[in-house]
Amino acid sequence: QVQLVESGGGLVQAGGSLRLSCVVSGRTISGYAMGWFRQAPGKEREFVAAIIWSGLIYYEDSVKGRFAISRDNAKNTVYLQLNSLKPVDTAIYYCATKLRPFSDHTLPYDYWGQGTQVTVSS
């Protein structure tokens with residue numbers, strides 16, 4: 001019922017930028033936590049950024065100042081702007097949200113997208 005579809009990934013050179021989008025269907029994003037996670041081959045999934053119901057934003061330390069999460073409630077879409085990309089940012093990026101409203105940014109998340117590949121070359 002709740003579906004998340006990511007897009008915007010691609011191959012970029014180090015220092016480049018991408019804008020990822022996550023379109024949510026089946027439910028409004030307003031009032032819910034929305035998160036971005038990433039997973040590189042052989043590594044565990046890691047938290048990247050989240051924006052919760054109040055608008056409060058959280059980032060993983062390594063992406064602070066480079067990435068920016070935002071949302072457009074009218075479009076039911078969450079974005080992740082990726083700037084100053086580094087090869088270590090290479091991963092599949094996933095969008096996620098929660099079943100219950102007014103939750104914080106911490107795990108668990110209940111609904112996940114299919115992911116979009118971000119590859120950063122040296």
(request) Could you tell me the separation between the CD atom of Gln39 and the OH atom of Tyr93, rounded to the nearest 0.5 Å? (result) 12.0 Å
(message) Using only atom types and a distance under 3.5 Å, with no angle test, would you say the side chain of Glu6 pairs donor to acceptor with the backbone of Gly115?
(response) yes
(request) Begin from the C-alpha positions of Asp110 and Thr97 and carry the test side-chain contact (heavy atoms from CB on, under 4.5 Å) through to its verdict. (result) CA-CA 6 Å; Asp110 302 292; Thr97 191; over 6 Å; no
(request) Taking the side chain as every heavy atom from C-beta outward, state whether Leu18 and Gln81 have any atom pair closer than 4.5 Å. (result) no
(message) Hydrophobic clusters here meaning ILVMFWY residues chained together by side-chain heavy-atom distances under 4.5 Å, can you tell me if Leu107 and Phe102 are in one?
(response) yes
(request) List in chain and number order the residues that pass side-chain hydrogen bond (donor to acceptor under 3.5 Å, both in side chains) with Lys64, two or more places apart in sequence or in another chain; answer none if no residue qualifies. (result) Asp61
(message) Using the side chain to side chain contact (heavy atoms under 4.5 Å, CB included) criterion, which residues pair with Val5? Sequence neighbours excluded.
(response) Gln114
(message) Going by disulfide bond (SG atoms under 2.5 Å apart), name the pairs with one or both residues in residues 36-67, residues two or more places apart or in two chains.
(response) none
(message) Under the disulfide bond (SG atoms under 2.5 Å apart) definition, can you give me all pairs with a residue in residues 24-86, not counting sequence neighbours?
(response) none
(request) Check side-chain hydrogen bond (donor to acceptor under 3.5 Å, both in side chains) between Ser30 and all other residues, then give those that pass, not counting sequence neighbours. (result) none
(request) Can you sort out the partners of Asp72 under salt bridge (charged side-chain N to carboxylate O under 4.0 Å, His left out), two or more places apart, ordered by chain and number? (result) none
(request) Please round to the nearest 0.5 Å and tell me the distance separating atom CG of Asn83 and atom CZ of Phe67. (result) 8.5 Å
(message) Grouping I, L, V, M, F, W and Y whenever their side-chain heavy atoms are under 4.5 Å apart, do Tyr59 and Leu82 come out in a common cluster?
(response) yes
(message) For Ser103 versus Ala33, what's the shortest heavy-atom pair and its separation?
(response) O-CB, 4.0 Å
(message) My understanding is that only residues two or more places apart in sequence, or in another chain, count here; which of them pass side chain to side chain contact (heavy atoms under 4.5 Å, CB included) with Ser7?
(response) Ser21
(message) For the CE atom of Met34 and the OG1 atom of Thr77, what is their distance to the nearest 0.5 Å?
(response) 9.0 Å
(request) Decide yes or no for Leu4 and Trp112: does some side-chain heavy atom of the first lie under 4.5 Å from some side-chain heavy atom of the second? (result) no
Can you give each donor-acceptor pair under 3.5 Å made by side-chain atoms of residues 44-58, sequence neighbours left out, with the distance rounded to 0.1 Å?
unit_1, atom_1, unit_2, atom_2, d
Glu46, OE2, Arg38, NE, 2.6
Glu46, OE2, Arg38, NH2, 3.1
Ser54, OG, Leu56, N, 3.4

(request) Start with the C-alpha distance between Arg71 and Tyr79, add both sets of side-chain angles, then the distance that settles side-chain contact (heavy atoms from CB on, under 4.5 Å), and finish with yes or no. (result) CA-CA 6 Å; Arg71 67 185 178 199; Tyr79 304 95; 5.9 Å; no
(request) Decide yes or no on side-chain contact (heavy atoms from CB on, under 4.5 Å) for Thr90 and Val118, but give the supporting numbers first. (result) CA-CA 5 Å; Thr90 296; Val118 172; 5.8 Å; no
(message) Closer than 3.5 angstrom, by distance alone: can the side chain of Lys86 be matched with the main-chain N or O of Ser122 as a donor-acceptor pair?
(response) no
(request) Answer with yes or no whether the hydrophobic clustering places Leu20 together with Leu11; edges join I, L, V, M, F, W, Y residues whose side-chain heavy atoms lie under 4.5 Å apart. (result) no
(message) My understanding is that only residues two or more places apart in sequence, or in another chain, count here; which of them pass side-chain hydrogen bond (donor to acceptor under 3.5 Å, both in side chains) with Ser121?
(response) none
(message) Suppose the criterion is disulfide bond (SG atoms under 2.5 Å apart): which pairs have a residue in residues 71-122, not counting sequence neighbours?
(response) Cys22-Cys95
(message) Tell me every residue that passes side-chain hydrogen bond (donor to acceptor under 3.5 Å, both in side chains) with Tyr32, counting only those two or more places apart in sequence or in another chain.
(response) none
(request) With sequence neighbours left out, write down each residue that passes ring-ring contact (aromatic ring centres under 6.0 Å, His included) with Tyr109, or none if nothing qualifies. (result) Phe37
(request) For the pair Arg66 and Asp89, find out whether any cationic side-chain nitrogen is under 4.0 Å from an anionic carboxylate oxygen. (result) yes
(message) Please report the interatomic distance CD1(Ile92) to OG1(Thr116), rounded to the nearest 0.5 Å.
(response) 9.0 Å
(request) Kindly work out whether a path of hydrophobic side-chain contacts (I/L/V/M/F/W/Y, heavy atoms less than 4.5 Å apart) joins Tyr94 to Val24. (result) no
(request) Output yes when a side-chain donor or acceptor of Asn76 lies under 3.5 Å from a complementary backbone atom of Ser25, and no otherwise. (result) no
(request) Following the transitive rule for hydrophobic clusters with a side-chain heavy-atom cut-off under 4.5 Å over Ile, Leu, Val, Met, Phe, Trp and Tyr, establish whether Tyr111 and Val78 coincide in one cluster. (result) yes
